[in-house]
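Everything on this sheet refers to the single structure shown next.
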Amino acid sequence: MERLLLNILLLVLLTYLIGLSFCQHPGLSSNGDKTPYKKPNFIVILADDVGWGDLGVNWGLRRDTPNLDKMAMEGMRFVDFHSAASTCSPSRASLLTGRLGLRNGVTHNFAVTSMGGLPLNETTLADVLKKAGYLTAVIGKWHLGHNGPYHPNFRGFDYYFGIPYSHDMGCTDTPGYNLPLCPACPPHSALSSHQKDCYPEIALPLFENLQIIQQPVNLTSLAAMYTEKAIQFIHYASQSNRPFFLYLALSHMHVPLTVTQPLRKLPYQDPYGANLREMDTMVGKIKDKVDGTAKENTLLWFTGDNGPWSEKCEYAGSVGPYTGMWQKERDGSSAKQTTWEGGHRVPTVAYWVGRIPANVTSPVLLSTLDIFPTLVSLANASLPPRRRFDGIDVSGVLFGQSSKGHKTLFHPNSGAAGKYGEIQALRLDQYKAFYLTGGAKACDGSIGQEENHQPPLIFNLQRDMQEQRPLNVKSAEYRAVLPIISKAFGGILEDIATDNVSMADYSHDPAGTPCCNPQHALCRCQLAYLNTSFEKYR
Ligand SMILES: *[C@@H]1O[C@H](CO)[C@@H](O)[C@H](O)[C@H]1NC(C)=O
Ligand SMILES: *[C@@H]1O[C@H](CO)[C@@H](O)[C@H](O)[C@H]1NC(C)=O
Ligand SMILES: *[C@@H]1O[C@H](CO)[C@@H](O)[C@H](O)[C@H]1NC(C)=O
Ligand SMILES: *[C@@H]1O[C@H](CO)[C@@H](O)[C@H](O)[C@H]1NC(C)=O
Ligand SMILES: *[C@@H]1O[C@H](CO)[C@@H](O)[C@H](O)[C@H]1NC(C)=O
Ligand SMILES: *[C@@H]1O[C@H](CO)[C@@H](O)[C@H](O)[C@H]1NC(C)=O
């Protein structure tokens with residue numbers, strides 16, 4: 001009797017276990033729908049101010065990215081992929097909302113003293129994924145508002161570790177390479193220097209969740225800390241039995257460039273190259289962790305927030321062949337902050353073993369705006385209602401099943417000339433049209449004048465990737481393409497005018513400055529390492 005009961009019990013247990021293991025290891029069948037759907041993990045690595053030409057496999061002038069080059073061999077490399085804006089905050093806001101700045105309200109950068117941030121009625125990618133059961137983390141630079149409800153922990157992220165804005169927006173004891181060269185934070189409150197570009201009056205804070213754990217942050221150890229936290233998060237999350245979303249917003253390749261090793265020992269390598277290698281090594285470590293934990297079920301997507309910051313001269317990256325010659329012949333830079341290709345064409349690689357075909361170079365026209373709808377679709381979640389999106393679901397392109405990207409892309413003003421956020425250039429197939437041109441500050445200090453173009457300047461990128469010679473307005477090619485371009489331009493303005501759009505609060509107040517020790521004029525403090533909780537803000 002007892003034995004019979006035991007047998008029944010064993011049978012029940014066995015059935016249960018088989019069922020359980022089936023549920024836990026469904027994977028993704030190649031035919032799609034036989035096995036239960038397991039939500040994939042997502043890692044988006046966003047580099048700062050990286051140039052299209054910085055990736056060895058893109059341009060080859062430098063060979064400082066062996067890990068990214070290898071990832072491209074094992075995944076898909078995009079050569080016509082664009083950031084949604086050419087400067088920091090708008091680019092990040094668009095990545096996290098799938099909407100252009102004119103819709104989400106973020107059209108220029110937030111400051112150290114900004115009270116507001118990404119408007120609260122905008123829904124972030126992390127909000128959507130968290131609701132879909134994801135564990136979410138942002139590690140690195142936020143730059144979408146740091147006060148009150150704008151803090152990342154209230155924008156859908158369970159975990160935050162990083163700096164609230166760019167790492168040149170506060171002094172440190174480890175200042176790194178920059179132009180102008182910035183001094184270290186004064187040890188005490190005395191403010192000797194008033195160098196405008198160097199923020200001597202406030203130390204740069206490092207946050208873990210809502211708490212400042214270091215001020216000023218030690219830039220020399222920041223990359224290692226980001227890597228460590230990212231790896232810990234991936235480890236924790238892949239054991240938690242929940243899907244995860246990690247948004248890793250690196251400080252590389254933005255200035256100040258960290259002093260990684262004494263440069264005299266590396267005569268063959270410039271600071272930019274050394275930092276590029278450091279970034280590449282970080283990406284390699286993240287990929288190794290993925291390969292060792294959740295390889296079959298993780299999409300790793302590397303891209304950039306905008307082009308190189310040319311005014312920083314030898315501390316800026318390379319635009320590759322996208323030199324924006326028309327602008328350069330008239331002064332000013334044609335990279336970051338501009339709508340020339342060098343401002344927004346960013347190196348991009350996507351990797352997912354078994355799903356994304358290996359060693360493919362994709363010429364499809366895509367944008368960081370597409371990350372939102374694509375991840376939402378792969379997570380089988382829904383887009384937030386009552387608003388329109390500029391990004392599209394490109395999972396078919398990632399999986400090699402489709403070559404359909406954007407027919408048009410719209411490039412907003414990002415600070416060089418014109419009104420913040422306004423669409424000043426657009427892409428239509430191989431054509432690029434400018435209604436307004438302008439350069440950013442160049443290494444030689446020149447700034448290209450703002451110029452309106454009615455009718456627009458139109459370049460054929462297929463023949464002229466340098467954007468050097470616009471089409472003759474009398475040519476058959478110009479006359480054929482102009483009506484389609486005008487229609488697209490009118491169309492986007494109309495579409496935005498009838499959308500639900502948000503307004504960002506760009507007000508400033510010294511009280512908005514992050515400060516962990518108001519007793520000290522620079523806010524200096526140093527907390528012991530806290531025990532990391534990855535789910536504090538669920
Ligand atoms: C910064 O971190 C580096 C590397 O961990 C360490 O060697 C250095 O002493 C630290 N500097 C300061 C000022 O704490
Ligand atoms: C990747 O593709 C390139 C060009 O198509 C080819 O030369 C190379 O051998 C491929 N590499 C691998 C590892 O398949
Ligand atoms: C996707 O979500 C819908 C409801 O939103 C659900 O009916 C469907 O079963 C889900 N599909 C998968 C594959 O989980
Ligand atoms: C804007 O919001 C209103 C009210 O929620 C809604 O009825 C309308 O459909 C929305 N418009 C768009 C373009 O989604
Ligand atoms: C955000 O709020 C403003 C003001 O209430 C509203 O006009 C706008 O439509 C909202 N945006 C979205 C996306 O709902
Ligand atoms: C952190 O964790 C360690 C070991 O788990 C524990 O001894 C310590 O008290 C914790 N510290 C804090 C600040 O919670």
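Quick caveat, the model's predicted, so the values are computed rather than measured. When a ligand or atom number is given, it counts from 1 through the structure's own listing order.
Using a distance-only test at 3.5 Å, with no hydrogens or angles considered, a donor-acceptor pair links the side chain of S414 to the main chain of P412. The main-chain N or O of D168 is never found under 3.5 Å from a side-chain atom of S166 such that the two would form a donor-acceptor pair. K312 places a side-chain N or O within donor-acceptor distance of the main-chain N or O of L179, the cut-off being under 3.5 Å. For the pair N275 (side chain) and T258 (backbone), a donor-acceptor distance under 3.5 Å is present.
Close approach of ligand 4 to R387 (heavy-atom distance below 4.0 Å) involves ligand atoms 14 (O). Atoms of ligand 4 found under 4.0 Å from any heavy atom of R388, numbered from 1 in the order shown, are 13 (C).
Here the heavy atom of the protein found nearest to atom 1 (C) of ligand 3 is N380 ND2, 1.6 Å. Looking at atom 13 (C) of ligand 3, its nearest protein heavy atom turns out to be Y37 CB, 3.4 Å. For atom 4 (C) of ligand 1, the closest heavy atom belonging to the protein is S221 CB, 4.0 Å. Atom 14 (O) of ligand 1 has N218 ND2, 3.4 Å as its closest protein atom, hydrogens excluded (heavy atom only).
The sulfur atoms (SG) of C516 and C523 lie 2.5 Å or more from each other.
Closest heavy-atom approach to atom 2 (O) of ligand 4 within the set N500, T498, D499: this belongs to N500.
Distance screen at 4.0 Å: atom 9 (O) of ligand 1 has no protein heavy-atom neighbour inside the cut-off.
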(message) Determine whether H146 and H151 satisfy the following criterion, ring-ring contact (aromatic ring centres under 6.0 Å, His included), listing intermediate values before the conclusion.
(response) CA-CA 5 Å; H146 45 274; H151 189 90; 8.8 Å; no
